[in-house]
Novice: 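Quick one: structure below, then a few questions.
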Amino acid sequence: MPRYNPAVIEPKWQKVWEESRTFACPRLPKGRKLYVLDMFPYPSGNGLHVGHPEGYTATDIVCRFNRMRGVSVMHPMGWDAFGLPAEQHAKKTGTHPRATTEKNIGNFRRQLKMLGFSYDWDRELATTDVSYFRWTQFIFLVLFDTWFDATQQRGRPIAELPIPTGVAAEGEAAMDRYRDEHRLAYQLEAPVNWCPALGTVLANEEVTGGVSERGGHPVVRLPLRQWMLRITAYADRLEKDLGQLDWSEGIKLLQRNWIGRSTGAEVDFFIGQSSDASRADAYEGWKRDRGHTGFPTKPGDDVLRIYTTRPDTLYGATYMVIAPEHPLVERLTSPEQSAKVREYCQQAARKSDLDRTDLAKEKTGVFTGSYAINPVNGQPTPIWVADYVLISYGTGAIMAVPAHDTRDFEFAKQFNLPIVAVVDPGEAAGSARDDLLAGRVAFIADGVAVNSGPYTGLPTPEFKRKIAEDLATQGIGRSAVNYKLRDWLFSRQHFWGEPFPILHELDAACNRTGRMRALDPRELPVDLPTEMAFDAAHDRPEPPLDKAPADWLYVTRDGKRYKRETNTMPQWAGSCWYYLRFLDPKNGKGLIDPEIEQAWMPVDLYVGGAEHAVLHLLYARFWHKVLYDRGYVSMPEPFQKLVNQGMILGENNEKMSKSRGNVVNPDEVVREYGADALRLYEMFMGPLEAVKPWSMDGVSGVRGFLDRAWRMILDDRAEAVQLNAAVQDVEPSADQNRMLHKTIKAVTTDIEQMSFNTAIARMMEFANFFLKEETRPRSAMERFVLLLAPFAPHMAEELWAALGHAKTLTYEPWPTFDEAAIREDTVEIPVQICGKLRGRIQVPADADKAVMEAAARAEPKVAELLVGRTVVKVIVVPGRMVNFVVR
RNA sequence: GCGAGAGUGGCGGAAUUGGCAGACGCGCUGGACUUAGGAUCCAGUGGAGCAAUCCAUGCGGGUUCAAAUCCCGCCUCUCGCACCA
């Protein structure tokens, strides 16, 4: 047989696999099942990146390994194909995004097939397929039809939403409005970054310093009607259920931080109704009333409600801060301060979120001129407006305790506000304590209360518990939980995304009445219009679909005229549930057959980049929980085990990018070294999860191994297929057998632990050993080929065939090992004196302590060094080492 | 600033979890075969030393018969979050 030539054998085996549908997966698993999922790629115009095959090879190895162990393996692939680039391309060239997308998918598919991954290609799907997004739209309808029952902590049909009698009394329209306010999918006026010059709405990351990243055009923030998804309702469950998942603690923590659960209290500070004269009386009256009425769900306009995680520092509150967008700003501003406050708020409105959270910047704010009364001590406390308080978190207002909060401390220093310490760090804190008491630093940890009225002397945790109770009894506060997580802004002003299955009612003058109507699931899919002009310049931040042909845009139902929703869904939508559709990709009756879902879910192994550690995984988990609550899926979590592959850097240790000129093209690597070499190298580079630099020399190194493995079994100088003369039908020697079984064991356990780099090292050792052997037992060679198969499947198939097998090795049983064959008769043991290596001895593997010690004492070098010394202690670890402790 | 992870030869990385540091690969050195070598094969390769030996897992302490591994204190790098009260 000629030399190893991947350019010939790789396409050959890919064709065999494709034609015999080798990796086709049954509708339902037979026996043990394993669902192995890759994060499906966005098919960009640049083609595959070497980062893609990293995770894909890892999962492919796991799949091929498990097939050989008789497991029913589900391993699908598809395309996350919506996205802005195709739309931008359309604007430039007029090419429909679908055409661009299909072309790019074609290229990605070719590249993935070239690498020999064992996907069941019959299950291929793209998020842009009408038959797919029909069900994405269906799930949106489920979200739209669901409200979150906080008491039961689960999503329920909107029809089951209890309507308060007061609302019901107002009539049908009020009830509709009430329902709309409670749906998991709801509408909101939210500011967007509108760039007039580019004629598009930009994401926050695309705007820096008030201008667009691309082109540097001015960006304005405009309120626009948006769709939101109430993910915050599921915050608690999204956090709690992380516990049952087999994910790295790092990723779980990332999600926990993102959800950002905090516990504390809401407290009402009395602000009264204006006239200063009767204020003290009014306050007393208010407090008395609250004692009877309790803490109201919604704050009245006589109070400023704040949220704090440190109710134990109430006595240290020296001022209050409200966000510039707070509804009470105007009311709380005194005439003298009015001009200043108005200007400050306008300035804040112009700043983007990013500008406002700019680090290292000085704190800004203005005094409103009014005071709120601290309910624990009756102290009038000045109210400031400052943009370091966010309207979107908590109640948009805080009590500031500069002695025990760094941000408040900075602000107080800036504006010379009083600082009152109410938590004593204790004697142990030393100088830090003095600094705190002198107002030089803020102390944010727990301690013991001081200057806190009846609470003085209580340790922080106890104080928190106690005051929460007391506030509740007095009706001036209550325990509260807050999350950093925000509701999900779910609409985009783009063409190339899933249309919403929503109609807006129009009046006779073609204006929206504000009422909307969800399409019936039977009316799905809503396809995108095929005839669209993409060059239309935009002068308003309206979605491109506003310019869709009228026959698409306007519809009539039950005699009423409607306009379709023209926002589209974000790219995240399609990737939120693709793992379900893979299981039943052609189902025209439902998003998935429950029998199939129950049989295959959850995903047993999910591999992808860490860049999706938060958003994608959180969004998908959220959708899954809603589907679970509404009975479409049978378990609450979709991804049981998650592994994040590390990024592959360029040869220069920098991130790969066109501008750095260090991009490695998989096509070229395959052309020069073969797909098996690429696969093997990506696995050999280091641990899957580690960040590691590319090395072409490394690729050529593993290619060298493949060449040697080839020559170990085949005669590469013969014209026809011919085994190497050393390969013979003989029994392996004890040494050969030991190497064989050691290798089987190591490769098996390494694959199970996804430690692919060491598995490859063990196979290299095997080849290095057997290349030196004059005779290579055929049985050993065959089992080696099976071990190699998950890593380098093309070569393995070729060698397997050359060894006389007619069928693919895909379903050959995985080799087993025998511990007895691995065991050595004698082992070499290090002998130490005082922990230093002084000699080595050969002893029987099962030698007991006495035998080992005797052998060690007999070792000439050791014996010499022990002369004239007192052996204080001898440590003997059977099968490991001997150590003499001498004086 | 907060959080997480990581520091081992010239390089990528191993090390049964406290038991011979440096598996495997790259690179390098020497040799063989060659018109040729960026092919293949053989030998060597952490540092210092002629050697015995000594020194070596970011730095400094500690525990232990024994530490890359455990504990304490630092330093550096990477990633994530970034005024969330």
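Lettering of chains follows the sequences in order, A, B, ..., and the numbering in each one begins at 1.
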Novice: Quick one, give me the B/S/- string for nucleotides 7-17 of chain B, reading 5' to 3', where B means a protein heavy atom under 4.0 Å from the base and S means that only happens at the primed atoms, P, OP1 or OP2.
Specialist: -----BSS-B-
Novice: Which whole number of Å gives the distance between the C1' atom of B/G47 and that of B/G10?
Specialist: 12 Å
Novice: Taking side chain to side chain contact (heavy atoms under 4.5 Å, CB included) as the definition, give me every residue that meets it alongside A/A468, ordered by chain and number, with sequence neighbours left out.
Specialist: A/S479
Novice: Is any NZ, NE, NH1 or NH2 atom of the basic residue among A/E54 and A/K692 found under 4.0 Å from an Asp or Glu carboxylate oxygen of the other?
Specialist: yes
Novice: By the 4.0 Å heavy-atom rule, please label A/T308 as base, sugar-phosphate, or nothing.
Specialist: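 Touches sugar-phosphate only.
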Novice: By the 4.0 Å heavy-atom rule, please label A/M764 as base, sugar-phosphate, or nothing.
Specialist: sugar-phosphate
Novice: B/G46 and B/G1: how far apart are their P atoms, nearest whole angstrom?
Specialist: 41 Å
Novice: Rounded to whole angstroms, how far apart are CG on A/D405 and C1' on B/G1?
Specialist: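 In whole Å, B/G1 C1' lies 13 Å from A/D405 CG.
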Novice: If each of A/I829 and A/V614 is mapped to the nucleotide of RNA chain B with the nearest heavy atom, which maps nearer the 5' terminus, i.e. the 5' end?
Specialist: A/I829
Novice: Send over the distance from A/M852 CE to B/G19 P, rounded to a whole Å.
Specialist: 15 Å
Novice: Classify A/N768 by what it touches in the nucleic acid, base, sugar-phosphate, or nothing, heavy-atom distance under 4.0 Å.
Specialist: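 Sugar-phosphate: the residue A/N768, judged by heavy atoms under 4.0 Å, touches backbone atoms but no base.
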Novice: If the P atom of B/C11 is compared with that of B/G27, how far apart are they to the nearest Å?
Specialist: 15 Å
Novice: I need the CD-C1' distance between A/E362 and B/G1, as an integer number of Å.
Specialist: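 Rounded to whole Å, this separation is 17 Å.
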Novice: For B/C79 and B/C26, measure between their P atoms and round to the nearest Å.
Specialist: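 To the nearest whole Å, 30 Å.
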Novice: Of A/A397 and A/L254, whose closest RNA chain B nucleotide lies nearer the 5' terminus?
Specialist: A/L254
Novice: Examine the base of B/C81 for any acceptor or donor lying under 3.5 Å from a partner atom in the side chain of A/K484, and report the outcome as yes or no.
Specialist: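 Per atom types, no contact qualifies.
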Novice: The side chain of A/Y307 lies closest to which of these nucleotides: B/C65, B/A85, B/C24?
Specialist: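 Out of B/C65, B/A85, B/C24, the nucleotide with an atom closest to A/Y307's side chain is B/A85.
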Novice: Using atom P in both nucleotides, what's the gap between B/A4 and B/C71 to the nearest angstrom?
Specialist: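 After rounding to an integer number of Å, I get 15 Å for this pair.
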Novice: If we ignore hydrogens and angles and just use 3.5 Å, is the side chain of A/T308 paired with the main-chain N or O of A/R310 as donor and acceptor?
Specialist: yes
Novice: For RNA chain B, what string of dots and brackets results from 5' to 3' when Watson-Crick and G-U pairs need both distances under 3.5 Å, crossing pairs get [ ], and pairs with another strand get |?
Specialist: (((((((..(((......[....)))((((((.......))))))(((....)))..(((((..]....))))))))))))....
Novice: Nearest-Å distance, CG (A/L253) to P (B/A4)?
Specialist: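 About 6 Å, once rounded to whole Å.
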Novice: Would you call A/D268-A/R305 a salt bridge at under 4.0 Å N-O?
Specialist: yes
Novice: Applying ring-ring contact (aromatic ring centres under 6.0 Å, His included), can you list everything that pairs with A/F684, at least two apart in sequence or on another chain?
Specialist: none
Novice: Classify the glycosidic conformation of B/U17 as syn or anti, calling it syn when the angle lies within 90° of 0.
Specialist: syn
Novice: Output yes when A/E819 and A/R823 qualify as a salt bridge under the 4.0 Å nitrogen-oxygen rule, no when they do not.
Specialist: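 Here A/E819 does not pair with A/R823 in a salt bridge, since their nearest N and O are not under 4.0 Å apart.
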Novice: Pick base, sugar-phosphate or nothing for A/S262, based on heavy-atom distances below 4.0 Å to the nucleic acid.
Specialist: sugar-phosphate
Novice: Which whole number of Å gives the distance between the P atom of B/A6 and that of B/G13?
Specialist: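 Taking atom P in both B/A6 and B/G13, they lie 13 Å apart.
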Novice: Mark yes or no for whether A/N662, through its side chain, and A/K655, through its backbone, hold a donor-acceptor pair below 3.5 Å.
Specialist: yes
Novice: Please state whether the phosphate of B/U64, meaning OP1 or OP2, lies under 4.0 angstrom from any side-chain nitrogen or oxygen of A/N883.
Specialist: no
Novice: Starting from P on B/C24, measure out to CD on A/E765 and report it in whole angstrom.
Specialist: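 In whole Å, B/C24 P and A/E765 CD are 5 Å from each other.
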Novice: Under 4.0 Å between any heavy atoms, over every strand shown, what does A/I398 touch: base, sugar-phosphate, or nothing? Just pick one.
Specialist: base
Novice: Salt bridge between A/E765 and A/K742, side-chain N to carboxylate O under 4.0 Å?
Specialist: no
Novice: Specify whether A/Y315 and A/F463 have parallel, tilted or perpendicular ring planes, treating 30° as the upper limit for parallel and 60° as the lower limit for perpendicular.
Specialist: tilted
Novice: Rounding to the closest angstrom, what is the interatomic distance between B/A48 and B/A56 at atom P?
Specialist: 15 Å
Novice: For every nucleotide of nucleotides 28-56 of chain B, 5' to 3': is a protein heavy atom under 4.0 Å from its base (B), only from its sugar-phosphate (S), or from neither (-)?
Specialist: ------------SS-----------SSS-
Novice: Could you give the CG-to-C1' distance, from A/D408 to B/C83, as a whole number of Å?
Specialist: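 One finds 10 Å between C1' of B/C83 and CG of A/D408, rounded.
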Novice: Which of the following nucleotides, B/A85, B/A23, B/C65, is nearest to the side chain of A/A761?
Specialist: B/A23
Novice: Strictly below 4.0 Å, N to O, side chains only: are A/D750 and A/R762 in salt-bridge contact?
Specialist: no
Novice: So, using salt bridge (Lys or Arg N to Asp or Glu O under 4.0 Å) as the criterion, who are the partners of A/E668 when residues are at least two apart?
Specialist: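 With sequence neighbours excluded, A/E668 shows a salt bridge (Lys or Arg N to Asp or Glu O under 4.0 Å) to no residue whatsoever.
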Novice: Indicate, with a heavy-atom threshold strictly under 4.0 Å, whether A/E828 touches base, sugar-phosphate, or nothing.
Specialist: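 Contact class for A/E828: base.
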Novice: Using whole Å, report how far CG of A/L837 lies from P of B/A66.
Specialist: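 Answer to the nearest Å: 15 Å.
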Novice: Rounding to the closest angstrom, what is the interatomic distance between B/A43 and B/C77 at atom P?
Specialist: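 Looking at atom P only, B/A43 and B/C77 are 43 Å apart.
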Novice: Can you check the A/Q255 CD to B/G3 C1' distance for me, whole Å?
Specialist: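 So the two atoms are 15 Å apart, to the nearest Å.
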Novice: On the six-membered ring of A/Y388, is A/K363 placed so that its NZ or CZ lies under 6.0 angstrom from the centre and within 45° of the ring axis?
Specialist: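 Yes, A/K363 lies over the aromatic ring of A/Y388.
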Novice: Is A/Y388 near enough to B/A85 that one of its side-chain N or O atoms lies under 4.0 angstrom from OP1 or OP2?
Specialist: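 Checking B/A85 against A/Y388, no side-chain N or O comes under 4.0 Å of OP1 or OP2.
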Novice: Is B/G10 syn or is it anti, if syn means the base angle is within 90 degrees of 0?
Specialist: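 This nucleotide is in anti.
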Novice: When you measure from the side chain of A/Y681 to the backbone N and O of A/M696, does any donor-acceptor pair fall under 3.5 Å?
Specialist: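 No, because the side chain of A/Y681 does not come within donor-acceptor range (under 3.5 Å) of the backbone of A/M696.
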Novice: Just say parallel, tilted or perpendicular for the rings of A/W384 and A/F415, cut-offs at 30° and 60°.
Specialist: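 Ring orientation, 0 to 90° scale: tilted.
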Novice: Remember a base hit wins even if backbone is also touched, and classify A/G394 as base, sugar-phosphate or nothing at under 4.0 Å, heavy atoms.
Specialist: nothing
Novice: Any side-chain to backbone donor/acceptor pair from A/D387 onto A/A348? Under 3.5 Å, distance only.
Specialist: no
Novice: Across the strands shown, which category fits A/I875 at heavy-atom distances under 4.0 angstrom: base, sugar-phosphate, nothing?
Specialist: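 Here A/I875 touches the bases of the nucleic acid.
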